[in-house]
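Input: a single structure, listed below in structure tokens.
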Amino acid sequence: MEFGEMGKPMPLLSNKEKSFIGSYVLGMGFVLSSEQAEKLIKKDPRNKDVLFPYLNGDDLNSDPEQRPSRWVINFFDWDEEKAKTYPDCYEIIEKLVKPERQRWKIDSAGNEIVGTYALRKPLPQRWWTYGEKRPALYKAISELDQVMVIPLVSKYSSFEFSNTNTVFMHKLGVIVLNDFHNFAILSSSIHNIWCWKYSSTLGSGTLNYSTTDCFENYPFPKKKYLNRKCWQRIL
């Protein structure tokens, strides 16, 4: 199946604010193994307030149950004083993330420019929070139990469901839909062809999925127009 020549599809109002990119934590010190997270929660159950499963593309592509393999510390958009009320987690970030965020810029001769941060404002000043927190994403999914996710770089346009009590990595697209009707549409051969036509690729066999170019402009069929024969043709 191929699409013929057509004009460039435009974003649809019906798809607005339904697709997002995951959080860019910007600092591997935020990331913990499952064992480390369990120890922190066992030490102080309050730590569970700021510890979340951390889902990435490898988890989706490699784990049969698409379970997050790691956890992550999340201080949301809190000020530093509030973050300090969770000292076990705060001290980890202070030790591992703060030096990385507050490193000095290097000049052309390889020397530090003392007083000038390498990273843009406010990343060095607010080192205990993520580089890109994606508040709109987490607000949009706050009342849902599950959403659809897709690796942004993969050989396949493969969607999966994921629990919302999760921090999603920046290499994932998050679709704010939680029903099997729309899951079937996005998993269909038609949407797969649409993805390969309108997304960029890395080489000839790797899809660089774009929520802007593949989801926001995708015309979803109405339920009332889909009968058994239609589903057979779509899938």
Side-chain angles (χ1 to χ4, degrees), residues 1-4 6-24 53-68 134 136-235:
M1 182 185 298
E2 295 184 359
F3 292 114
M6 63 179 72
K8 181 180 178 181
M10 303 301 291
L12 301 174
L13 186 61
S14 58
N15 293 345
K16 186 178 180 181
E17 298 179 353
K18 290 182 180 178
S19 63
F20 299 89
I21 304 301
S23 301
Y24 188 18
Y54 185 47
L55 187 69
N56 60 43
D58 288 340
D59 297 329
L60 289 181
N61 290 330
S62 303
D63 190 294
E65 297 181 5
Q66 289 79 45
R67 294 170 299 186
R134 312 297 190 204
L137 160 62
Y138 295 103
K139 180 180 179 180
I141 69 176
S142 61
E143 297 184 4
L144 300 177
D145 293 328
Q146 64 180 11
V147 289
M148 295 182 211
V149 290
I150 180 174
L152 296 181
V153 178
S154 179
K155 293 182 179 181
Y156 312 100
S157 58
S158 177
F159 291 84
E160 301 291 346
F161 284 114
S162 176
N163 294 330
T164 53
N165 188 34
T166 300
V167 171
F168 300 101
M169 190 182 188
H170 65 281
K171 293 184 179 181
L172 293 179
V174 182
I175 309 299
V176 188
L177 297 172
N178 64 350
D179 60 283
F180 284 99
H181 169 81
N182 286 307
F183 178 79
I185 291 173
L186 292 177
S187 301
S188 69
S189 59
I190 293 178
H191 185 67
N192 180 63
I193 295 168
W194 184 275
C195 294
W196 282 97
K197 182 174 179 63
Y198 293 112
S199 274
S200 62
T201 57
L202 302 177
S204 60
T206 301
L207 180 69
N208 189 15
Y209 187 88
S210 168
T211 56
T212 303
D213 296 333
C214 288
F215 179 84
E216 291 184 9
N217 58 10
Y218 187 68
F220 281 75
K222 299 292 185 182
K223 284 186 179 180
K224 63 181 179 180
Y225 299 128
L226 294 177
N227 55 31
R228 184 182 297 274
K229 289 184 178 180
C230 289
W231 278 116
Q232 290 173 345
R233 294 184 65 183
I234 287 175
L235 300 175

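Note that these values count all heavy atoms, side chains included, but never hydrogens, waters or copies made by symmetry. Since we're looking at a predicted model, the values are computed, not measured.
Partners of Ser200 by side chain to side chain donor-acceptor pair (under 3.5 Å), not counting sequence neighbours, listed by chain and number: Asn208. Residues forming a side chain to side chain donor-acceptor pair (under 3.5 Å) with Ser162 (at least two apart in sequence, or on another chain): none.
In this structure, His191 NE2 and Ile185 CD1 are separated by 10.0 Å, a value rounded to the nearest 0.5 Å. Trp196 CH2 to Leu207 CG: the interatomic distance, rounded to the nearest 0.5 Å, is 5.0 Å. Interatomic distance, CD1 of Ile190 versus SG of Cys195, reported as 12.0 Å (0.5 Å rounding).
Taking each heavy atom of Leu55 and Gln66 in turn, the nearest pair found is CD1-O, 3.7 Å.
Using a 4.5 Å heavy-atom cutoff, the side chains of Trp194 and Pro219 are in contact. Side chains of Leu177 and Phe183 form no contact here, defined as non-hydrogen atoms less than 4.5 Å apart.
Note on residues 56-67: pairs passing salt bridge (charged side-chain N to carboxylate O under 4.0 Å, His left out), not counting sequence neighbours, are Asp63-Arg67, Glu65-Arg67.
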Can you give the donor-acceptor pairs under 3.5 Å from side chains of residues 145-159 to other protein atoms, not counting sequence neighbours?
unit_1, atom_1, unit_2, atom_2, d
Gln146, NE2, Asn178, O, 3.3
Ser154, OG, Tyr156, N, 3.3
Ser154, OG, Tyr156, O, 3.3
Ser157, OG, Asn192, OD1, 2.8

Under 3.5 Å, sequence neighbours excluded: what are the donor-acceptor pairs made by side chains of residues 9-18?
unit_1, atom_1, unit_2, atom_2, d
Asn15, ND2, Phe215, O, 2.9
Asn15, ND2, Glu216, O, 3.4
Asn15, ND2, Tyr218, O, 2.9
Lys18, NZ, Ser14, O, 2.9

Return a table of donor-acceptor pairs under 3.5 angstrom between the side chains of residues 163-175 and protein atoms on other chains or two or more places apart.
unit_1, atom_1, unit_2, atom_2, d
Thr164, OG1, Leu144, O, 2.6
Thr166, OG1, Asn163, O, 3.0

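No donor-acceptor pair under 3.5 Å is formed between the side chain of Ser210 and the backbone N or O of Ser199.
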